[in-house]
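Contents: one structure, followed by commentary.
Chain naming here is simple, since letters A, B, ... match the order of the sequence lines and numbering starts at 1 in each.
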Protein chains: 2
Amino acid sequence: MMAEDKMKLENQICFSLYATTREMTKLYRPLLADLNITYPQYLVLLALWETSPLSVKELGERLYLDSGTLTPMLKRMEKENLIERYRSKEDERRVLVGLTEEGRKAEEKAACIPDLLLDNIDMNEEEILNLKHTLNRMLEGARQKGEHQ
Amino acid sequence: MMAEDKMKLENQICFSLYATTREMTKLYRPLLADLNITYPQYLVLLALWETSPLSVKELGERLYLDSGTLTPMLKRMEKENLIERYRSKEDERRVLVGLTEEGRKAEEKAACIPDLLLDNIDMNEEEILNLKHTLNRMLEGARQKGEHQ
DNA sequence: CTAATTTTAATTGTGCACAATTAAATAGTA
DNA sequence: TACTATTTAATTGTGCACAATTAAAATTAG
């Protein structure tokens with residue numbers, strides 16, 4: 001590719017990533033409206049539906065988010081009675097985040113979301129798996145490069 | 001795939017998108033530090049280096065952003081003397097965004113960024129083109145679905 | 001030509017996202 | 001033991017991102 005072409009928006013892989021992520025997140029909005037949560041809050045619930053409780057640090061490792069993002073978001077979710085936050089007895093530094101009864105019940109309401117979202121995507125399973133694989137490789141590569149800077 | 005598996009973070013294509021986008025954006029940070037701009041501001045400059053001036057609406061169409069995001073960002077960039085904003089004479093509703101001399105000069109400093117970034121990615125040209133093509137298809141699909149909601 | 005409609009940005013309010021700093025608890029060490 | 005270093009969250013400050021509303025200008029319809 002010519003040097004000038006590399007400066008064109010059209011040819012930038014990261015712009016495609018950036019734009020697609022935001023448009024896909026918008027598709028979640030109506031599906032999450034019923035639960036009254038945002039997409040990042042949905043990710044927190046997905047993590048907790050797998051394992052609850054998790055410390056803020058563990059949650060951050062799974063979602064690639066730090067306490068500066070998580071702490072205020074978790075406080076909002078606590079106010080909505082989806083989760084509870086409490087200090088660990090064994091290690092008072094750790095704040096554990098656990099599902100409430102309401103947070104657990106939300107899982108049933110959310111069970112249809114993955115399929116409803118996939119209905120919006122005109123891609124077959126192989127394409128999606130392929131895309132996910134490529135993205136995960138890119139993600140791990142970026143994390144490697146990023147961590148020693 | 002089993003219904004339960006679809007609820008796992010690990011299996012969600014949109015989570016891969018979300019995490020990868022943010023990690024890639026972090027890789028830009030040190031490259032853009034010299035220009036003293038953020039990644040979204042870099043996207044504005046890329047658009048203007050192709051065509052200047054552009055109206056706020058045209059810029060929004062290229063970047064998939066609305067005036068609620070652009071207006072304050074453009075004001076910050078104007079304060080840094082990278083761009084200028086002025087009303088169109090022909091249509092007073094339109095605000096035109098044009099490069100300043102400093103904004104034009106920044107293009108030379110930024111010319112190395114695409115290659116520097118690609119150095120951080122362990123993917124060949126074909127893989128990248130393939131990924132971009134898939135993402136663009138997903139993007140257009142999402143925009144179609146999203147617009148009538 | 002006037003009134004209703006549409007287009008265009010700006011504004012308001014909420015919620016991430018993240019770098020940098022702070023503070024408390026724990027672990028490691030001389 | 002006391003002293004240092006590390007780990008963990010919270011806090012602070014800045015900058016997107018977007019829905020909803022507002023206001024001005026231009027277009028369209030009657």
Practice task
Kindly assign one of parallel, tilted or perpendicular to the pair Tyr39(B) and Tyr28(B), based on the angle between their ring planes and the thresholds 30° and 60°.
Solution key: tilted

Handout entry: For atom CG of Leu65(B) and atom P of dA10(C), their distance in whole Å
Key = 14 Å

Problem - Length of the line joining Lys26(B):NZ and dC16(C):P, which is rounded to integer Å - result: 17 Å

Exercise for the section: May I ask you to say what Thr25(A) touches in the nucleic acid, namely base, sugar-phosphate or nothing, with a heavy-atom cut-off under 4.0 Å? Expected result: nothing

Practice task
Ignoring backbone atoms, test whether Arg29(A) places a side-chain nitrogen or oxygen under 4.0 Å from the OP1 or OP2 oxygen of dA19(D).
Solution key: yes

Practice task
Decide, yes or no, whether a salt bridge links Glu127(A) with Arg137(B) under the criterion of side-chain N to carboxylate O below 4.0 Å.
Solution key: yes

Practice task
Give Thr38(A) one of three labels, base, sugar-phosphate or nothing, depending on what nucleic acid heavy atoms sit under 4.0 Å from its own.
Solution key: sugar-phosphate

Exercise for the section: Answer yes or no: is there an ion pair linking Lys57(B) with Glu61(B), defined by an N-O contact shorter than 4.0 Å? Expected result: yes

Problem - Ion pair check, Glu92(B) and Arg87(B), cut-off under 4.0 Å - result: no

Problem - Options dA19(D), dA17(C), dT26(C), nucleotide nearest the side-chain atoms of Arg22(B) - result: dA17(C)

Exercise for the section: Answer yes or no: does a side-chain N or O of Tyr18(A) lie under 4.0 Å from OP1 or OP2 of dA17(D)? Expected result: yes

Handout entry: Minimum side-chain heavy-atom gap Thr21(A)-Arg22(B) below 4.5 Å
Key = no

Handout entry: Below 4.0 Å: OP1/OP2 of dA25(C) and any side-chain N or O of Arg87(A)
Key = no

Exercise for the section: Indicate, with a heavy-atom threshold strictly under 4.0 Å, whether Ser67(B) touches base, sugar-phosphate, or nothing. Expected result: base

Handout entry: Glu58(B) CD - dT8(C) P separation (whole Å)
Key = 9 Å

Practice task
Answer yes or no on whether Arg62(B) is positioned over the face of Tyr64(B), meaning its NZ or CZ is under 6.0 Å from the six-membered ring centre and within 45° of the axis.
Solution key: no

Practice task
Could you tell me the separation between the CG atom of Leu63(B) and the P atom of dC16(D), rounded to a whole number of Å?
Solution key: 12 Å

Exercise for the section: Would you mind reading off the distance between Lys57(B) atom NZ and dT8(C) atom P, rounded to a whole angstrom? Expected result: 4 Å

Handout entry: Distance test, side-chain N/O of Arg85(A) to OP1/OP2 of dA10(D), below 4.0 Å
Key = yes

Exercise for the section: May I ask you to verify whether the side chain of Arg93(B) and the base of dT7(C) hold a donor-acceptor pair under 3.5 Å? Expected result: yes

Handout entry: First encountered from the 5' end of DNA chain C, between Lys75(B) and Pro40(A)
Key = Lys75(B)

Practice task
Kindly point out which of dT8(D), dA9(C), dC16(D) is positioned nearest to the side chain of Ser55(B)?
Solution key: dA9(C)

Practice task
Could you please name the option among dC16(D), dA10(C), dA9(D) that lies closest to any side-chain atom of Val95(A)?
Solution key: dA9(D)

Practice task
Provide, to the nearest angstrom, the distance between the CD atom belonging to Glu23(B) and the C1' atom belonging to dA19(C).
Solution key: 14 Å

Fill in the blank from the handout: Ranking Arg76(A) and Gly68(B) by the position along DNA chain C of their nearest nucleotide, the one closer to 5' is Gly68(B)

Completion exercise
In whole angstroms, the gap separating C1' of dA25(C) from CD of Glu90(A) amounts to 14 Å

Exercise for the section: Calculate the interatomic distance between Phe15(B) atom CZ and dC16(C) atom C1'; express it in whole Å. Expected result: 15 Å

Handout entry: Distance test, side-chain N/O of Thr71(A) to OP1/OP2 of dT11(D), below 4.0 Å
Key = no

